[in-house]
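We name chains A, B, ... by the order of the sequence lines, and we start the count at 1 in each one.
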2 protein chains.
Amino acid sequence: MGERSDWGALRERRMAEPGAAEAYAATRLAYELGRTVRALREERGWSQTRLAEAAEMTQSAVARFEAGGTVPTLPVLERLANALGAELVVQLRAPAA
Amino acid sequence: MGERSDWGALRERRMAEPGAAEAYAATRLAYELGRTVRALREERGWSQTRLAEAAEMTQSAVARFEAGGTVPTLPVLERLANALGAELVVQLRAPAA
DNA sequence: CCGCTTTATAGCATCGATGCTATGAGCTGG
DNA sequence: CCAGCTCATAGCATCGATGCTATAAAGCGG
């Protein structure tokens, strides 16, 4: 718990920096998308190699994506979504008036 | 109408090519996102210069984005969404069982 | 007509994702 | 024990988005 609050304090300091909040959000998004793709893949009982074939990329690219270490591009997300029979939703949602 | 069906036929042929469907979808998404950002900006009575300031980019980058000629990256979308007080939603939606 | 604002476009350097190949670790079944 | 599979990581070249500056066209108010 001590580490947790230390990290929280550090993160808040970093977030106060210009652009940090967006950078963090993009990294978190990458991580979540990676997890979602892995979950959908495993639901189908597919290996990374199998998904790579369907999405026209290599197994190592799938592994890298699922690890969430990089922020993916939209075309790659489209290919993965199509391969998994899912739909990629990207939208700017204005706040309710 | 004649041109329309010609274009439709050509598009279907192009779509049959591997990767074309995804590339088209990403390009269409870029175009729609550009339009959405312009609409949100104009709702606020903002100029491109004003939005650029809020999103920490230059006016020409905003113009280029709104034109939809390039597929934007997620960090840029995050910055624009935050600047406009909107929320960026990105998700892989699995088909209903 | 002029100054200002707004928008669009061009050109160029940079950077990070992507594509690829290779490789290693771990696990499993034979 | 070994082959095969799966997954993760590394390294490198390529490519396209991004950042930036500059510039031009259009419109508007004075």
Side-chain angles (χ1 to χ4, degrees), chain A residues 17-20 22-84 88 90 92, chain B residues 17-20 22-84 88 90 92:
Chain A
E17 298 179 23
E22 291 90 350
Y24 171 81
T27 301
R28 183 176 56 78
L29 191 54
Y31 175 76
E32 287 177 4
L33 287 165
R35 283 181 50 179
T36 299
V37 162
R38 184 186 294 267
L40 290 173
R41 173 175 65 81
E42 290 178 344
E43 273 177 28
R44 286 159 179 68
W46 283 7
S47 65
Q48 288 180 345
T49 302
R50 178 68 189 84
L51 174 55
E53 287 167 7
E56 301 196 18
M57 59 179 62
T58 58
Q59 173 267 321
S60 60
V62 171
R64 184 172 57 196
F65 177 85
E66 288 187 356
T70 61
V71 177
T73 61
L74 292 176
V76 164
L77 285 174
E78 283 278 2
R79 292 200 348 257
L80 284 164
N82 282 9
L84 290 160
L88 175 64
V90 182
L92 294 188
Chain B
E17 298 179 22
E22 291 90 351
Y24 171 81
T27 300
R28 182 175 58 78
L29 191 53
Y31 176 75
E32 286 177 3
L33 287 165
R35 281 182 51 180
T36 299
V37 162
R38 184 187 294 268
L40 290 173
R41 172 176 65 80
E42 290 178 343
E43 274 175 26
R44 285 157 179 69
W46 284 7
S47 65
Q48 289 179 344
T49 302
R50 178 68 189 86
L51 173 56
E53 286 168 6
E56 301 197 16
M57 58 180 62
T58 58
Q59 172 267 320
S60 59
V62 171
R64 184 173 56 197
F65 176 84
E66 289 187 356
T70 62
V71 177
T73 61
L74 292 176
V76 164
L77 285 173
E78 283 280 0
R79 293 199 346 256
L80 284 164
N82 282 8
L84 290 160
L88 175 64
V90 183
L92 295 189

A.B. asks: Verify the contact: side-chain N or O of A:Thr73 to OP1 or OP2 of C:dT18, cut-off strictly under 4.0 Å; return yes or no.
C.D. replies: yes

A.B. asks: Describe, as an angle rounded to 10 degrees, how the axis at the first end of the helix from C:dC1-D:dG30 to C:dG30-D:dC1 is tilted relative to the axis at the last end, five pairs per end.
C.D. replies: 30°

A.B. asks: Counting any heavy atom closer than 4.0 Å, what does A:Pro72 reach on the DNA or RNA strands: base, sugar-phosphate only, or nothing?
C.D. replies: sugar-phosphate

A.B. asks: Identify the two heavy atoms, one from B:Glu78 and one from A:Ala26, that lie closest to each other, and give their separation to 0.1 Å.
C.D. replies: OE2-N, 4.2 Å

A.B. asks: Please give me the minimum heavy-atom distance between A:Pro75 and B:Val71, naming the atom from each residue.
C.D. replies: CD-CG1, 3.8 Å

A.B. asks: What is the distance, to the nearest angstrom, from the CG atom on B:Leu51 to the P atom on C:dT6?
C.D. replies: 13 Å

A.B. asks: Using a strict heavy-atom distance below 4.0 Å, which residues from residues 59-70 of chain B are in contact with DNA chain D?
C.D. replies: B:Ser60, B:Arg64, B:Thr70

A.B. asks: Partners of B:Ser60 by side chain to side chain contact (heavy atoms under 4.5 Å, CB included), sequence neighbours excluded?
C.D. replies: B:Thr58

A.B. asks: Under the side-chain hydrogen bond (donor to acceptor under 3.5 Å, both in side chains) test, which residues partner A:Glu32, sequence neighbours left out?
C.D. replies: A:Arg28

A.B. asks: May I ask you to list the residues of residues 37-47 of chain B, by number, that have any heavy atom positioned under 4.0 Å from an atom of DNA chain C?
C.D. replies: B:Arg38, B:Arg41, B:Ser47

A.B. asks: Expressed in angstrom and rounded to an integer, what is the separation of B:Gln48 atom CD from D:dG19 atom C1'?
C.D. replies: 16 Å

A.B. asks: Are more than 12 heavy atoms, taken from residues, nucleotides or ligands other than B:Arg44, located less than 6.0 Å from that residue's CZ atom?
C.D. replies: yes

A.B. asks: Could you give the CG-to-C1' distance, from B:Leu80 to D:dT18, as a whole number of Å?
C.D. replies: 12 Å

A.B. asks: Distance check needed: C:dC4 P versus B:Arg50 CZ, whole Å only.
C.D. replies: 22 Å

A.B. asks: Between A:Leu92 and B:Leu77, what is the shortest heavy-atom contact and its length?
C.D. replies: CD2-O, 4.3 Å

A.B. asks: Measure from CE on B:Met57 to P on C:dC15 and round the result to the nearest Å.
C.D. replies: 18 Å

A.B. asks: Starting at CD of A:Glu56 and ending at P of C:dC20, how long is that distance when rounded to a whole Å?
C.D. replies: 10 Å

A.B. asks: Under the side-chain contact (heavy atoms from CB on, under 4.5 Å) criterion, do B:Val37 and B:Leu84 qualify, and how do the steps go?
C.D. replies: CA-CA 8 Å; B:Val37 162; B:Leu84 290 160; 4.1 Å; yes

A.B. asks: Considering all heavy atoms of both residues, which atom of B:Ala63 and which atom of B:Gln48 are nearest to each other, and what is their separation?
C.D. replies: CB-OE1, 3.5 Å

A.B. asks: Quick check: closest heavy atoms across A:Leu33 and A:Phe65, and the distance to 0.1 Å?
C.D. replies: O-CE2, 3.9 Å

A.B. asks: Please give, in whole Å, the distance from C:dG16 C1' to B:Leu74 CG?
C.D. replies: 13 Å

A.B. asks: For residues 57-69 of chain B, which residue pairs pass the salt bridge (Lys or Arg N to Asp or Glu O under 4.0 Å) check, not counting sequence neighbours?
C.D. replies: B:Arg38-B:Glu66, B:Arg41-B:Glu66

A.B. asks: Reckon A:Arg79 has a side-chain N or O less than 4.0 Å from the OP1 or OP2 of C:dG19?
C.D. replies: yes

A.B. asks: Would you please name every residue forming a side chain to side chain contact (heavy atoms under 4.5 Å, CB included) with A:Arg50, sequence neighbours left out?
C.D. replies: A:Trp46, A:Ser47, A:Glu53, A:Ala54

